[in-house]
Amino acid sequence: MRNSPVLYVVACGGRSAAQLVDHLPDWQADGWRTCVIATPMGTNFIDREKLQQVSGHVVRFAYKQPDEPDALPPADAVVIAPATFNTINKMVSGNSDTLALGILNEAIGLGLPMVAVPTPNAALARHPAFPASVATLRSWGIQVMFDPRRFPLPTPNMGPPAADLFPWEALRTELVAIRGRLP
């Protein structure tokens with residue numbers, strides 16, 4: 001496992017982030033070492049202790065001090081699961097006001113393989129900025145798993161059932177494909 005490629009998993013503030021701990025073992029079985037980075041809002045939806053136990057790495061959510069060593073090995077690929085409306089739009093603007101966004105922006109600059117799985121509610125998905133941001137990310141070579149016909153979106157204020165709409169199996173298929181292209 002030590003020589004396996006490293007997958008950074010960025011968890012944003014969405015209900016499906018709570019399910020992430022159930023999927024890390026699958027990705028590890030597929031040959032990834034997993035490291036979780038959460039947005040500040042993402043920390044409200046995840047169990048950091050469980051994710052740390054499963055991943056074997058501390059869950060990062062804040063910038064470190066300049067003289068502190070990196071707690072995580074360098075990434076070979078990145079997944080944003082779930083990716084919120086806010087994070088998708090901020091990525092396009094180059095905003096790095098959180099550790100997660102800073103890592104995502106650096107990954108874009110490094111040309112790392114990246115999969116984003118946006119899960120805005122149906123109303124936010126129709127906001128004019130969102131489709132433009134998705135198109136921009138795709139033009140940069142980022143795999144954006146956003147197709148409301150294939151992956152239904154939650155309605156506003158849907159509550160806990162919204163988490164069950166997340167396309168975990170389709171995401172695993174994408175990650176297996178990326179893993180197959182890495183040395």
For [X] against [Y], the heavy-atom pair lying closest together:
X	Y	value
Tyr63	Thr98	OH-O, 3.1 Å
Val6	Pro74	CB-O, 3.3 Å
Pro113	Ile178	CB-CG2, 3.8 Å
Val144	Arg138	O-NH2, 2.9 Å
Ala71	His57	O-ND1, 4.4 Å
Thr39	Gly13	OG1-N, 3.7 Å

Atom [atom1] in [X], atom [atom2] in [Y]: separation rounded to 0.5 Å?
X	Y	atom1	atom2	result
Asn121	Thr155	CG	OG1	7.5 Å
Thr43	Leu51	OG1	CG	11.5 Å
Gln19	Asp164	CD	CG	6.0 Å
Glu174	Met145	CD	CE	5.5 Å
His127	Asn89	NE2	CG	7.5 Å
Gln52	Ile46	CD	CD1	10.5 Å

State yes or no: do [X] and [Y] share one hydrophobic cluster built from I, L, V, M, F, W and Y residues joined by side-chain heavy-atom distances below 4.5 Å, directly or via other members?
X	Y	result
Val78	Ile88	yes
Leu153	Ile80	yes
Val9	Leu110	no
Val117	Tyr8	no
Val115	Met91	no

ask   = Can you say whether the rings of Phe130 and Phe146 are parallel (under 30°), tilted (30 to 60°) or perpendicular (over 60°)?
value = perpendicular

ask   = Parallel, tilted or perpendicular: which fits the ring planes of Trp168 and His23, with parallel below 30° and perpendicular above 60°?
value = parallel

Is there a side-chain contact between [X] and [Y], using heavy atoms and a 4.5 Å cut-off?
X	Y	result
Met41	Thr84	no
Phe61	Arg48	yes
Asp30	Leu175	no
Met158	Leu165	yes
Trp27	Leu171	yes
Thr87	Leu101	yes
Leu72	Ile37	yes
Leu7	Arg179	no

ask   = What do the steps show when you test Cys12 against Asn86 for side-chain contact (heavy atoms from CB on, under 4.5 Å), and what is the final call?
value = CA-CA 9 Å; Cys12 299; Asn86 194 43; over 6 Å; no

message = Please evaluate residues Ile103 and Arg60 with respect to the criterion side-chain contact (heavy atoms from CB on, under 4.5 Å), reporting the C-alpha separation (whole Å), side-chain torsions for both, the decisive distance (0.1 Å), and the verdict.
response = CA-CA 11 Å; Ile103 285 172; Arg60 295 276 316 274; 5.7 Å; no

Over 12 non-hydrogen atoms of neighbours within 6.0 angstrom of [atom1] in [X]:
X	atom1	value
Asp97	CG	yes
Lys64	NZ	yes
Glu49	CD	no

Identified side-chain contact (heavy atoms from CB on, under 4.5 Å) partner of Met114 from the options Leu137, Leu104, Val79 = Leu104

ask   = Can you tell me if Asn105 uses its side chain to pair, donor with acceptor, with the backbone of Asn95 under 3.5 Å?
value = yes

